[in-house]
Amino acid sequence: MNIRPLLEALGLQEDAARAHADDLRTQIDDLQARLREAETRLEHLAITRKTVTSLADRLPTSPPELPEHPDYPRILAVFNETTDPLRAKDICRALGHEVVPKNIEGTRAKLKRRVRLGILTEADTGCFARQQ
């Protein structure tokens with residue numbers, strides 16, 4: 001009985017099994033690299049989520065409601081034309097209102113509302129400027 005053909009057949013099967021194992025190892029290496037990339041991406045997303053949620057606590061929940069009044073856009077237009085702080089009396093003049101205490105106080109109230117909304121700042125008492 002000659003076992004050489006049997007040994008050759010076994011050798012062929014071993015070679016095929018080795019080649020298949022090598023292919024699988026290559027696929028495993030590729031999958032491990034892709035898994036590392038995916039895990040890194042997940043870590044970055046977790047960091048981003050943590051950052052966004054920590055910043056979200058500092059943001060207002062809804063935009064501030066802006067009162068409807070024709071003077072508000074005109075007041076902001078006056079501030080857009082200058083970089084100097086202005087008083088309520090200056091705004092009254094720029095808007096063409098009569099400079100009387102009633103109009104000055106109404107304008108001052110409107111300016112204070114803009115300060116609370118973060119649109120204007122009150123540099124000194126009674127002096128308002130555009131938020132930088």
Side-chain angles (χ1 to χ4, degrees):
M1 177 185 229
N2 191 0
I3 61 168
R4 183 171 286 294
L6 181 61
L7 292 175
E8 287 176 4
L10 285 173
L12 290 174
Q13 288 182 2
E14 286 175 340
D15 291 342
R18 272 192 203 94
H20 184 64
D22 289 342
D23 288 343
L24 290 174
R25 283 187 197 95
T26 302
Q27 289 178 14
I28 288 171
D29 290 342
D30 181 49
L31 289 173
Q32 285 177 334
R34 290 173 54 196
L35 177 61
R36 280 191 299 275
E37 290 173 9
E39 287 173 339
T40 301
R41 177 82 173 131
L42 282 171
E43 288 173 12
H44 291 168
L45 290 170
I47 292 167
T48 302
R49 175 179 294 279
K50 186 177 180 180
T51 303
V52 168
T53 54
S54 70
L55 292 175
D57 296 338
R58 299 178 194 166
L59 297 174
T61 55
S62 63
E65 290 190 27
L66 300 176
E68 295 293 324
H69 193 282
D71 279 349
Y72 285 117
R74 294 174 61 210
I75 289 170
L76 292 179
V78 171
F79 280 102
N80 287 337
E81 294 173 6
T82 183
T83 57
D84 297 329
L86 299 172
R87 295 188 165 280
K89 186 184 284 189
D90 301 325
I91 299 295
C92 284
R93 283 190 192 111
L95 297 178
H97 295 317
E98 187 178 356
V99 182
V100 294
K102 175 185 170 189
N103 291 342
I104 294 170
E105 288 305 315
T107 302
R108 183 175 290 118
K110 290 178 182 110
L111 295 171
K112 293 264 188 191
R113 282 187 210 108
R114 295 287 158 246
V115 169
R116 281 195 302 274
L117 293 172
I119 297 170
L120 299 177
T121 59
E122 193 168 4
D124 288 327
T125 304
C127 288
F128 300 90
R130 187 79 188 210
Q131 183 82 310
Q132 298 297 331

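The first residue of the sequence shown is numbered 1, and numbering continues consecutively from there.
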Kindly list each side-chain donor-acceptor pair under 3.5 angstrom involving residues 13-24, sequence neighbours excluded, with atom names and distances?
| residue | atom | partner | partner atom | Å |
| --- | --- | --- | --- | --- |
| Asp15 | OD1 | Arg18 | NH1 | 3.4 |
| Asp22 | OD1 | Arg25 | NH1 | 2.9 |

Rounded to the nearest 0.5 Å, what's the gap from [atom1] on [X] to [atom2] on [Y]? Could you check?
X	Y	atom1	atom2	result
Gln32	Glu39	CD	CD	10.5 Å
Leu42	Ile47	CG	CD1	11.0 Å
Ile75	Ile91	CD1	CD1	6.5 Å
Arg87	Thr125	CZ	OG1	8.5 Å
His97	Lys102	NE2	NZ	11.0 Å
Leu45	Thr40	CG	OG1	11.0 Å

What verdict does the side chain to side chain contact (heavy atoms under 4.5 Å, CB included) test give for Leu111 and Thr107, after you've listed the backbone C-alpha separation in whole Å, the side-chain angles of each residue and the deciding distance to 0.1 Å? CA-CA 6 Å; Leu111 295 171; Thr107 302; 4.2 Å; yes
For the NZ atom on Lys110, are there more than 12 heavy atoms of other groups (residues, nucleotides or ligands in this structure) within a distance under 6.0 Å? yes
For Ile3, is the CD1 atom crowded, meaning more than 12 foreign heavy atoms sit under 6.0 Å from it? no
Does the pair Arg108 and Glu105 meet the rule for a salt bridge (Lys or Arg N to Asp or Glu O under 4.0 Å), with working shown? CA-CA 5 Å; Arg108 183 175 290 118; Glu105 288 305 315; 2.4 Å; yes
Could you pull out the closest heavy-atom pair between [X] and [Y], with the gap in Å?
X	Y	value
Asp84	Thr82	N-OG1, 3.1 Å
Ala129	Pro85	CB-CA, 4.2 Å
Val99	Cys92	CG2-CB, 4.5 Å
Arg114	Leu76	CD-CD2, 4.5 Å

Of the options Asp90, Val115, Thr121, which is the one that meets Phe128 in a side-chain contact (heavy atoms from CB on, under 4.5 Å)? Val115
Is there a chain of hydrophobic side chains (I, L, V, M, F, W, Y, each step under 4.5 Å between heavy atoms) that links Leu95 to Leu120? yes
Return each pair, listed once, that meets salt bridge (Lys or Arg N to Asp or Glu O under 4.0 Å) where at least one residue sits in residues 118-127; pairs must be two or more places apart or across chains. Lys112-Glu122
Suppose the criterion is salt bridge (Lys or Arg N to Asp or Glu O under 4.0 Å): which pairs have a residue in residues 43-53, not counting sequence neighbours? none
Audit row: Arg74, Val78, side chain to side chain contact (heavy atoms under 4.5 Å, CB included) steps and yes/no: CA-CA 6 Å; Arg74 294 174 61 210; Val78 171; 5.8 Å; no
